[in-house]
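Below you'll find the structure, written out as structure tokens, and then a few comments.
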Protein chains: 2
Amino acid sequence: MATIRELARLCGVSSATVSRVFNNPEVVNAQTRELILSTAARIGYLPNESARTLATKRSHMVGLIWDTDHRRPGWRHPFFQEILIGLKTALSERGYHLLMLATSEDGTPDSFLRAVRRHNLDGVVFIDNGRADPSLQPLAESEVPCVSLDRPVQGPWTTYVTSDNVGGAREAVRHLHATGRRTIATITGPARTRPGAERLRGYLEELAALGLAHRPELVVEGDFYLSSGHAAMRALLELEEPPDAVFAAGDEMAVGALRAVTEAGLKVPEDIALVGFDDIELAALVPPGLTTLAQDKAGFGTAAAAAVITMINGGVTPLPRILPTSLVVRGSTG
Amino acid sequence: MATIRELARLCGVSSATVSRVFNNPEVVNAQTRELILSTAARIGYLPNESARTLATKRSHMVGLIWDTDHRRPGWRHPFFQEILIGLKTALSERGYHLLMLATSEDGTPDSFLRAVRRHNLDGVVFIDNGRADPSLQPLAESEVPCVSLDRPVQGPWTTYVTSDNVGGAREAVRHLHATGRRTIATITGPARTRPGAERLRGYLEELAALGLAHRPELVVEGDFYLSSGHAAMRALLELEEPPDAVFAAGDEMAVGALRAVTEAGLKVPEDIALVGFDDIELAALVPPGLTTLAQDKAGFGTAAAAAVITMINGGVTPLPRILPTSLVVRGSTG
DNA sequence: CTGAAAGCGCTTACAG
DNA sequence: CTGAAAGCGCTTACAG
């Protein structure tokens, strides 16, 4: 591997000049710049990023905290893969790489912050793991730029990206109402999660706006996973006066609910209409097709990248970014 | 951020001694070691990894090449997420981090190799993207330890991890035969992919072993995606003498095939039995449940991590690792 | 068991 | 527009 010194010697200049060509090209004489560039290409010179980071204190790396918990499957974000692609793409367009941080090895609350400091990471993105994770707090309170997905975290250099959960839930209920349904139940996410709480709020708000009565027994809590939707739907079907429509706060739960309806010998959408949230792949695949509120999958990654880079370069903390959702109508609402 | 010099000064030792405590602890006096360790904890000293990498030429980082192609969805490995978790976990247990490499920004064939060199990566793992990617060749031919998933790549420091595709395919056919089927078709993956080619080979081998005739019209090529399975199944159903069983070389295609059977007014497994490959989540969810050959999802990540670390530390290139598959019987074969 | 010193490959005021 | 020099924070023979 050629170093900056060899390249400088070959070109008859100092290494400071070579350095400038790569960091501040317009400041050096055009001819020598071309000479250096072509010689660099010829001998295959590449700046050593470790040396660069040591000198500048900027690594051009952003950490990704995606706490998968060694034993339990951990929180499966409904579109983790899309977020990852969006994030990676948007970061790399701006010259940043993504370092996947290992889950708090030693269990100490500042293990993530320590990893960030050791590796001179310029910023961090974390994907909600659905639990209260104490390791995030020291990071959020630090001087490290952080952006959180789907979970509000407090800190001077911390912001978050989330969907318009309230608006989406309201649209779900409005759509069910518009198709003639009047007894609208909901299967919620866990109340402690932000999406869970907000989608419930949207449901309640829209019920009120439409002048529909709120019947507490029509609200059943799930955990975003399929089987909880199945169980919740069975409970709803056993009510004295069962619903004619259900808004499930996540597509997986909606698919579970769909199965429960079928198993009970009823039909979707004839007997029960169903709306989910997320627009996961399965939503289009499961007959008769699941009507749902699509989240802006690519937008999450892009917005997170933009936010963290703004903090790194701009020195300001951007406001939280609320991404719009969009209703995708399929067979489950007729 | 405290540096090694401050810590050394505080303890009344040289920075060389502090360095030894973190790299070669048994070589320093127990008392001073304890003093240094406790003082380090007190002042929150953390070794700077960039400086370390610069001095040692080892970054303790492994690159992940997962070429997602900006526009098209790219190759969706059937269990990318599980591989990623397994890899990350296994690497972090050995003290390595995972750096997601940006897709060949400039399109030059050595862009990955350059990224590896710039960042002093100790090794690289790549996930098959289903295309011939010329950027992998320069890497594979270099001195950088590489492990490839599902695709054999040649190089002095290169090995790969894959499933026993031939054995799995043979077991699929044997299972169908054991449940009384005699006209067994297959929907293959693309012939240019290793899993595609090998699973077809297993199908043919087992047919021969069972003394069943090979009828070329019973072999239809798909592309591993759902809709290709759907189309292939429709073609099979239109044959003069349609099959009574189908082995689809991937679960997504099997689900597409299942749909085609249902749409044709036929029943699975009564009219047509179906076996897939992969054991993706959907396999258990789609009625009547898809019989399939499960790949060892966690094993991929773990084996890849083990292989790359062996090359990094051991200085030998391990043999390719072939992971066993296991038959999971569900409703689609009765 | 420990320290002084050189070196890893960059960047960046400073001076010209 | 360019160079000499100091510095970034570590590690590692070498000598004791």
Side-chain angles (χ1 to χ4, degrees), chain A residues 1-37 39-40 43-61 95 97 114-122 313, chain B residues 1-37 39-40 43-61 95 97 114-122 313:
Chain A
M1 287 296 304
T3 72
I4 199 172
R5 291 183 54 154
E6 294 165 45
L7 178 53
R9 191 180 48 75
L10 246 38
C11 297
V13 299
S14 73
S15 53
T17 299
V18 174
S19 176
R20 290 189 190 100
V21 167
F22 288 98
N23 294 297
N24 226 353
E26 62 282 1
V27 95
V28 3
N29 176 287
Q31 280 193 25
T32 62
R33 192 204 306 147
E34 295 313 319
L35 172 63
I36 291 172
L37 251 18
T39 313
I43 68 173
Y45 167 74
L46 295 170
N48 181 320
E49 294 295 337
S50 302
R52 228 179 179 180
T53 299
L54 181 58
T56 63
K57 266 104 186 60
R58 313 183 99 224
S59 63
H60 298 276
M61 291 198 293
H97 285 85
R114 292 211 316 276
V116 168
R117 294 233 167 99
R118 287 178 77 114
H119 294 275
N120 303 104
L121 301 185
D122 294 340
N313 294 325
Chain B
M1 287 298 303
T3 73
I4 200 173
R5 291 183 51 153
E6 293 165 47
L7 178 53
R9 191 179 48 73
L10 247 38
C11 297
V13 299
S14 73
S15 53
T17 298
V18 174
S19 176
R20 290 189 191 103
V21 166
F22 287 99
N23 294 299
N24 226 354
E26 62 282 2
V27 95
V28 4
N29 176 285
Q31 279 195 24
T32 62
R33 191 203 308 147
E34 294 315 317
L35 172 63
I36 291 171
L37 250 20
T39 313
I43 69 173
Y45 167 75
L46 295 170
N48 181 322
E49 295 295 337
S50 301
R52 227 178 178 181
T53 299
L54 181 58
T56 62
K57 267 101 185 60
R58 312 183 99 225
S59 64
H60 298 276
M61 292 197 294
H97 285 85
R114 293 211 316 275
V116 167
R117 295 235 167 97
R118 287 178 78 115
H119 290 93
N120 303 105
L121 301 186
D122 295 339
N313 294 324

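Below, each value reflects all heavy atoms present in this structure, side chains not excepted, and no hydrogens, waters or symmetry copies. Throughout, a chain's letter reflects where its sequence line sits, starting with A, and its residues are numbered from 1.
- A distance-only check finds a donor-acceptor pair linking the side chain of A:N29 to the backbone of A:T32 [under 3.5 Å].
- Atom CZ of A:R58 sits in a crowded spot, with more than 12 heavy atoms from other residues, nucleotides or ligands closer than 6.0 Å.
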Side chains of residues 10-17 of chain A: which donor-acceptor partners sit under 3.5 Å, not counting sequence neighbours?
unit_1, atom_1, unit_2, atom_2, d
A:S14, OG, A:A16, N, 3.3
A:S14, OG, A:T17, N, 3.4

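- Salt-bridge annotation for A:R9 and A:E6: absent, with no side-chain N of the basic residue lying under 4.0 Å from a carboxylate O of the acidic one.
- In this structure, the CZ atom of B:R52 is 17 Å from the C1' atom of D:dC8, given to the nearest Å.
- One atom, CD of A:E26, and another, P of D:dC1, lie 10 Å apart when rounded to the nearest Å.
- Helical stems involving DNA chain D, defined as 3 or more consecutive Watson-Crick or G-U pairs under 3.5 Å, span C:1-3 with D:14-16, C:5-12 with D:5-12, C:14-16 with D:1-3.
- Side-chain atoms of A:N48 come within 3.5 Å of backbone atoms of A:A51 as a donor-acceptor pair (strictly under, hydrogens ignored).
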Expected rows: protein N/O vs nucleotides 12-16 of chain D N/O, under 3.5 Å:
unit_1, atom_1, unit_2, atom_2, d
D:dA13, N6, B:R20, NH2, 3.3

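- Residues satisfying the side chain to side chain contact (heavy atoms under 4.5 Å, CB included) test with A:T53, not counting sequence neighbours, are A:S59, A:N120, B:S50.
- Atom CG of B:L46 is separated from atom P of D:dC10 by 9 Å (rounded to the nearest Å).
- Side-chain atoms of A:R118 and B:R52, non-hydrogen and from C-beta on, do get closer than 4.5 Å to each other.
- Contacts between residues 3-11 of chain B and DNA chain C, defined by a heavy-atom separation below 4.0 Å, involve no residue at all.
- Note: CZ (B:F22) to P (D:dG9) measures 15 Å, nearest angstrom.
- For the pair A:H119 NE2 and D:dC8 P, the computed distance is 21 Å after rounding to whole Å.
- The residue A:T32 sits close only to the backbone: its heavy atoms come under 4.0 Å of sugar-phosphate atoms, none of a base.
- Using C1' as the reference atom, D:dG16 and D:dT12 are 16 Å apart when rounded to the nearest Å.
- For the pair A:L35 CG and D:dC1 P, the interatomic distance rounds to 16 Å; values are reported in whole Å.
- Just one residue in the list A:L121, A:D122, A:V116 forms a side-chain contact (heavy atoms from CB on, under 4.5 Å) with A:M61, and that residue is A:L121.
- Separating the CG atom of B:N120 from the C1' atom of D:dC10 is a distance of 14 Å, rounded to the nearest angstrom.
- For A:R58 and D:dC8, the CZ to P distance is 18 Å, given to the nearest whole Å.
- Residues meeting the salt bridge (Lys or Arg N to Asp or Glu O under 4.0 Å) test with A:R20, sequence neighbours left out: none.
- Comparing B:L54 and B:G12 by the nucleotide of DNA chain C whose heavy atom lies nearest to each, the residue mapping closer to the 5' end is B:G12.
- Counting heavy atoms from C-beta outward, B:R117 and A:M1 have side chains that approach closer than 4.5 Å.
- Note on A:K57: a side-chain N or O is less than 4.0 Å away from OP1 or OP2 of D:dG9.
- A:I4 is not listed as a side-chain neighbour of A:P47, based on a closest heavy-atom distance of 4.5 Å or more.
- Atom CD of B:E26 is surrounded by more than 12 heavy atoms from other residues, nucleotides or ligands within 6.0 Å.
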